[in-house]
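In the text below, chain A, chain B and the rest are named by the order of the sequence lines, each starting its count at 1. Being a predicted model, the structure only gives us computed values, none of them experimental.
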Amino acid sequence: MDVSFFARDAVAVAADLIGARILVDGVGGLIVETEAYRRDDEASHSYRGPTRANAAMFGPPGHAYIYRSYGLHWCLNAVCEPGSAVLIRALEPTEGLETMVARRRSGAATRRLCAGPGNLCQALAVTGELDGRSLLQPPFSLDPPAGAAGAACGVRIGISKAADRPWRFAVKGSPYLSKPI
DNA sequence: CTATTGATGTTCT
DNA sequence: GAACATCAATAGA
């Protein structure tokens with residue numbers, strides 16, 4: 001996994017990230033759900049140009065863009081071409097299960113540990129402090145998918161503008177999704 | 001299972 | 001003041 005993987009169109013990266021393994025400080029799992037956001041995309045934070053909070057989206061590819069959602073939750077993205085990124089929405093937990101359970105507030109079942117961007121960041125202890133850091137260096141680690149991943153695509157979730165673009169990717173039938181695809 | 005609601009930081013109008 | 005790439009708790013079918 002190197003920078004050239006990310007320096008492409010966000011939609012292509014989102015599809016190819018399904019099945020990859022992401023760890024933060026040795027805790028994490030396999031990516032089962034992503035969404036792509038592009039520069040010329042009304043639903044994207046980069047649509048209206050750089051601001052203080054979204055600066056990382058215009059930084060180098062392969063770095064993290066982390067933003068606060070609804071004032072309460074953190075969400076993790078992988079930066080692609082300038083102004084575009086892939087939102088990591090759900091993982092299948094594989095490493096550090098006990099650590100994740102301890103970090104999540106209310107006793108969440110394993111299948112819900114990392115189901116949804118806010119939950120995922122809570123389980124992996126991802127916060128704004130990691131915004132702009134490289135995903136290819138500690139505390140992050142990222143490994144390519146092992147074998148054929150079989151990603152299905154669908155419509156993005158939880159947005160009000162440009163909500164009909166089929167830029168959500170997920171492992172069909174996985175029990176670890178924030179919502180079935 | 002679905003529907004509704006409250007919590008709350010950053011940006012924009 | 002309003003919108004928002006969300007979640008958990010609650011009430012009802």
Side-chain angles (χ1 to χ4, degrees), chain A residues 6 9-18 20 22 24 29 31-59 61 63-93 100-132 135 151-171 173-181:
Chain A
F6 293 99
D9 175 57
V11 175
V13 176
D16 291 347
L17 271 179
I18 297 295
I22 184 168
V24 181
I31 297 174
V32 294
E33 184 179 349
T34 60
E35 280 178 9
Y37 290 88
R38 302 207 299 201
R39 177 81 168 86
D40 59 342
D41 173 1
E42 286 179 86
S44 171
H45 291 166
S46 58
Y47 183 65
R48 293 166 206 280
T51 66
R52 179 185 237 95
N54 72 9
M57 247 181 127
F58 294 87
H63 284 227
Y65 163 50
I66 298 167
Y67 69 93
R68 209 187 260 285
S69 170
Y70 291 85
L72 307 173
H73 309 286
W74 296 106
C75 297
L76 173 63
N77 297 251
V79 176
C80 302
E81 304 178 303
S84 74
V86 173
L87 171 65
I88 314 240
R89 288 190 57 88
L91 304 183
E92 172 184 340
M100 292 194 263
V101 171
R103 282 173 182 158
R104 297 288 323 277
R105 292 221 168 88
S106 197
T110 304
R111 49 188 294 165
R112 302 248 177 268
L113 265 186
C114 301
N119 290 337
L120 184 158
C121 286
Q122 198 178 353
L124 301 205
V126 169
T127 70
E129 290 190 4
L130 298 173
D131 186 40
L135 293 171
C153 74
V155 159
R156 293 185 292 186
I157 288 182
I159 55 177
S160 53
K161 292 174 221 165
D164 54 346
R165 301 191 194 193
W167 291 347
R168 176 182 182 227
F169 297 89
V171 178
S174 167
Y176 303 100
L177 304 181
S178 58
K179 284 190 169 163
I181 196 161

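Residues A/Asp9 and A/Arg38 meet the side-chain proximity criterion, which asks for heavy atoms closer than 4.5 Å. Looking at A/Leu135 and A/His63, their side chains never come closer than 4.5 Å, going by heavy atoms from C-beta outward. The side-chain heavy atoms of A/Ile157 and A/Glu33, taken from C-beta on, include a pair separated by under 4.5 Å. The closest side-chain heavy-atom distance from A/Ile18 to A/Val32 is not below 4.5 Å.
A salt bridge is absent between A/Lys161 and A/Glu42: the closest approach of a Lys/Arg side-chain nitrogen to an acidic carboxylate oxygen does not fall below 4.0 angstrom. We find that A/Asp131 and A/Arg68 are not joined by a salt bridge, their nearest charged nitrogen and carboxylate oxygen being 4.0 Å or further apart.
We find that CG of A/Asn54 is positioned 19 Å from P of B/dG9, with the value rounded to whole Å. To the nearest angstrom, C1' of C/dA3 lies 8 Å from NZ of A/Lys161. For the pair A/Lys179 NZ and B/dA3 C1', the computed distance is 12 Å after rounding to whole Å. Straight-line distance from the OH atom of A/Tyr37 to the C1' atom of C/dC4: 11 Å, rounded to whole Å. A/Glu42 places its CD atom 20 Å from the P atom of B/dT11, with the value rounded to the nearest Å. In this structure, CD1 of A/Ile66 is placed 15 Å from P of B/dT10, rounded to the nearest angstrom. In this structure, A/His73 atom NE2 and C/dT6 atom C1' are separated by 4 Å, rounded to whole Å. If you take CZ of A/Arg38 and P of C/dA5, they are 18 Å apart, rounded to a whole angstrom.
A gap of 22 Å separates the C1' atoms of B/dG9 and C/dA9, to the nearest Å.
Of the candidate nucleotides B/dC12, C/dA5, B/dT11, B/dC12 has the atom nearest to the side chain of A/Arg48. Listed candidates were C/dC4, C/dT6, B/dG9. Nearest to the side chain of A/Arg68 is B/dG9. In this structure, the nucleotide among B/dT8, C/dA8, C/dA5 sitting nearest to the side chain of A/Asn119 is C/dA8.
A/Val79 pairs by the side chain to side chain contact (heavy atoms under 4.5 Å, CB included) definition with A/Tyr65, not counting sequence neighbours.
The stretch residues 74-93 of chain A touches DNA chain C through A/Asn77, A/Leu87, A/Arg89, each having a heavy atom under 4.0 angstrom from the strand.
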Base-pairing string, 5' to 3', of DNA chain B - Watson-Crick or wobble, under 3.5 Å, | interstrand: |||||||.||||.

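Contact check, A/Arg104 against C/dA8: a side-chain N or O comes under 4.0 Å of OP1 or OP2.
Each of A/Val86, A/Val11, A/Leu87 was compared with A/Tyr37 under the side-chain contact (heavy atoms from CB on, under 4.5 Å) criterion, and only A/Leu87 meets it.
Among the heavy atoms of the strands lying under 4.0 Å from A/Ser160 are primed sugar atoms or P, OP1, OP2 only; no base atom is included. Among the atoms of the strands shown, only primed sugar atoms or phosphate atoms (P, OP1, OP2) are found under 4.0 Å from some heavy atom of A/Ala53.
Here A/Tyr70 does not pack flat against the base of B/dG9, since the 5.5 angstrom centre distance and 30 degree tilt limits are not both met.
Two residues, A/Tyr65 and A/Gln122, neighbour DNA chain C, and the one matched to the more 5' nucleotide by heavy-atom proximity is A/Tyr65.
A donor N or O paired with an acceptor N or O is found under 3.5 Å between the base of C/dA5 and the side-chain atoms of A/Tyr67.
Heavy atoms from other residues, nucleotides or ligands lying under 6.0 Å from OH of A/Tyr47 number 12 at most.
A donor-acceptor contact closer than 3.5 angstrom is absent between the side chains of A/Asn119 and A/Arg112.
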